[in-house]
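Below: one structure, written as structure tokens.
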Amino acid sequence: MSNTSTISLSDEGVSVVDEHLLDQDTKPVSIQINNVTVSFKTPKGIYTAVKEIDLTVRKGEIVALIGHSGCGKSTLMSTISGMVKPTSGEVYANGKKVTSPGPDRGIVFQNYSLLPWLTVYRNIYVAVDAALKDKTAAEKTALVETNLKMVNLWEHKDKLPGQLSGGMKQRVAIARAFSINPKILLLDEPFGALDALTKSSMHIELLKLWVMDDRQKTIIMVTHDIEEAIFLSDRVVVMNNGPAATIKEIVDIPLSRPRNKKDIVHDPAYIQIHDKLLNLLIDKFSIADL
Amino acid sequence: MKNLFSIKTAVSVGYFVAGMVIMGGIWALIAKLTKNEIPTPLATWAVFKEVIQQPFQNDADQKGIMTKLLSSLARVGIGFGLGSLFAIPIGLMMGSSKIAMRIINPMVQILKPVSPLAWFPLGLAIFQDSPKASIFMIFICCIWPTLINAAFGASSIPQDHKNVSKAFGFSTWSYLSKILLPFSLPHIITGLRLSIGIAWMVIVAGEMLSGGIGLGNFVWEEGFNGGSVAKILVAIIIIGIVGSLLDVCFTWLQKKFSYAV
């Protein structure tokens with residue numbers, strides 16, 4: 001994988017050639033969302049969360065779904081995980097129509113969702129045990145160990161989630177999702193509850209895990225953090241405000257990898273993408289705009 | 001445990017002693033006002049020492065106080081155990097299924113307010129045996145708090161935990177043993193604690209009705225019919241101490257099975 005890229009800035013915006021991106025179109029499709037609408041019955045009538053969404057994600061891509069709170073980005077992701085059934089349209093993941101959650105799609109939940117009565121080790125083991133039924137006990141134990149060591153939590157394996165910091169809990173949740181080795185990883189505002197410093201190091205850790213797996217995992221991430229979205233993803237899907245949210249625009253992030261947290265913010269291409277996303281998401285920038 | 005002799009412990013003991021002294025003072029005052037119709041603490045202490053002579057005596061005509069206490073505890077234990085075995089699964093079922101809740105809840109709401117003593121004659125009619133009727137009464141009164149708390153626990157499982165189960169494809173058994181039961185356990189223990197408290201109150205009343213060996217019978221036969229108010233007071237103190245010890249046990253369990261989120 002080459003990281004060479006040429007960047008030229010023009011009045012139209014950024015144009016970047018990145019070989020990693022060039023072969024993107026030839027990679028197999030990982031997730032296919034066809035004309036998906038999700039409506040919920042509420043006491044006040046039918047509420048449409050997202051409407052007529054089309055999106056194709058290729059294998060190994062990292063895609064961020066960004067938008068304001070309540071814009072339906074989590075709902076859209078839940079149609080991929082199978083937690084929510086589309087009212088119309090269909091979702092294909094790994095070539096199969098999504099009808100229910102499955103171990104080919106790992107989920108990292110917004111609030112970690114660890115079981116508070118189980119130790120760190122047991123939290124991962126019960127998930128592996130449930131998801132990978134054909135593995136032997138020894139194989140499962142080995143998987144738990146490898147993944148806990150990968151997130152540097154092996155020495156904390158006997159602690160309960162209540163004894164861990166937010167960042168550590170999120171690492172457990174990520175290790176749990178990785179340990180069932182899913183082809184698709186779905187992250188629902190994974191770092192939203194973390195402080196800025198912990199968040200930055202979690203970004204690097206996530207990319208490390210992704211690279212260690214040869215960039216084979218497709219990652220979909222819901223976020224409302226523009227910097228996070230640009231730093232991690234290949235594409236950022238900007239959603240309109242709900243109800244009946246649609247895709248406002250899909251912004252390519254043609255920045256070469258590996259990306260450097262410190263350097264990237266000075267990259268003219270980064271700055272331009274950042275401004276573009278800000279303009280798409282926010283319409284008031286100072287008290288003069290009120 | 002290492003701080004057993006710390007200042008904090010000494011202060012707690014001090015407050016406890018102060019409370020007891022105030023209670024003893026009020027008691028002594030009442031004894032004085034009733035011209036020893038109610039015996040003084042000291043007179044009661046003398047009777048207490050007499051009562052706890054040969055506590056485990058178990059002759060046909062003469063039973064020691066411990067024999068009576070254990071007999072009451074055994075009835076409570078059996079009734080409470082059976083009641084809990086019945087209440088916990090049904091409560092969890094009610095909490096997990098809206099249909100089960102809607103079918104069972106009306107029955108619970110109608111039967112729950114019935115005084116446990118009202119079940120005693122029914123038990124007597126069914127079993128033709130007063131100790132069994134007492135156990136039946138305890139069984140019934142131990143059902144409600146446990147059932148209601150177990151149902152509440154099961155119905156308040158956070159969506160997050162259910163999502164984990166769905167996302168990783170937990171089997172029904174895994175869901176029950178890894179999520180439903182551990183989450184509901186603190187609520188179940190709260191129910192058990194309420195149940196044992198009620199059972200301990202009810203057994204005394206039950207034994208007054210039923211006769212036989214037990215603390216309730218001791219209060220009635222030896223205390224009231226025997227004309228010894230001191231014995232009634234001794235029984236009240238024993239019942240109180242045993243009841244609070246039972247409560248301490250369940251409070252300990254409650255602490256042991258609560259967890260930080």
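Since this is a predicted model, take the numbers as computed values, not measurements. Just so it is clear: chains get the letters A, B, ... in the order the sequence lines come, proteins before strands, and each one is counted from 1. The analysis underlying the following values was restricted to heavy atoms, covering all of them including side chains, and did not include hydrogens, waters or symmetry mates.
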Does [X] [atom1] have over 12 foreign heavy atoms under 6.0 Å away?
{"X": "B:Ile99", "atom1": "CD1", "result": "no"}
{"X": "B:Phe250", "atom1": "CZ", "result": "yes"}
{"X": "A:Lys133", "atom1": "NZ", "result": "yes"}

**Request:** Look at A:Ala131, A:Ser113, A:Gly106, A:Pro101 and state which one has the largest set of heavy-atom pairs under 4.5 Å with chain B.
**Result:**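 Looking at each of A:Ala131, A:Ser113, A:Gly106, A:Pro101 in turn, A:Ser113 comes out on top.
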**Asked** Among A:Val126, A:Leu118, A:Leu186, A:Ile107, who wins on heavy-atom pairs under 4.5 Å with chain B?
**Response**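 Going by pairs under 4.5 Å, I would pick A:Val126.
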**Prompt:** Among residues 159-185 of chain B, which residues come closer than 4.5 Å to chain A, judged by heavy atom distances?
**Reply:**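 Answer by number: B:Asp160, B:His161, B:Asn163, B:Val164, B:Lys166, B:Ala167, B:Phe168, B:Gly169, B:Phe170, B:Lys178, B:Ile179, B:Pro182, B:Phe183.
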**Prompt:** Any residues in residues 139-154 of chain A near chain B, with a heavy-atom distance under 4.5 Å, and which are they?
**Reply:**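 So no residue qualifies.
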**Message:** Heavy atom to heavy atom, less than 4.5 Å: which residues from residues 78-89 of chain A reach chain B?
**Reply:** A:Met83
**Request:** Could you tell me which portion of A:Arg122 (side chain, backbone, both or neither) has an atom closer than 4.5 angstrom to a non-hydrogen atom of chain B?
**Result:**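 Just the side chain, heavy atoms under 4.5 Å.
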**Message:** Please classify the contact between A:Leu114 and chain B as side chain, backbone, both or neither, with a heavy-atom cut-off of under 4.5 Å.
**Reply:**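 Contact with chain B: backbone only.
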**Request:** Provide the full list of side chain to side chain donor-acceptor pair (under 3.5 Å) pairs with a residue in residues 139-157 of chain B, sequence neighbours left out, each pair given once.
**Result:**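 Found B:Thr146-B:Ser195.
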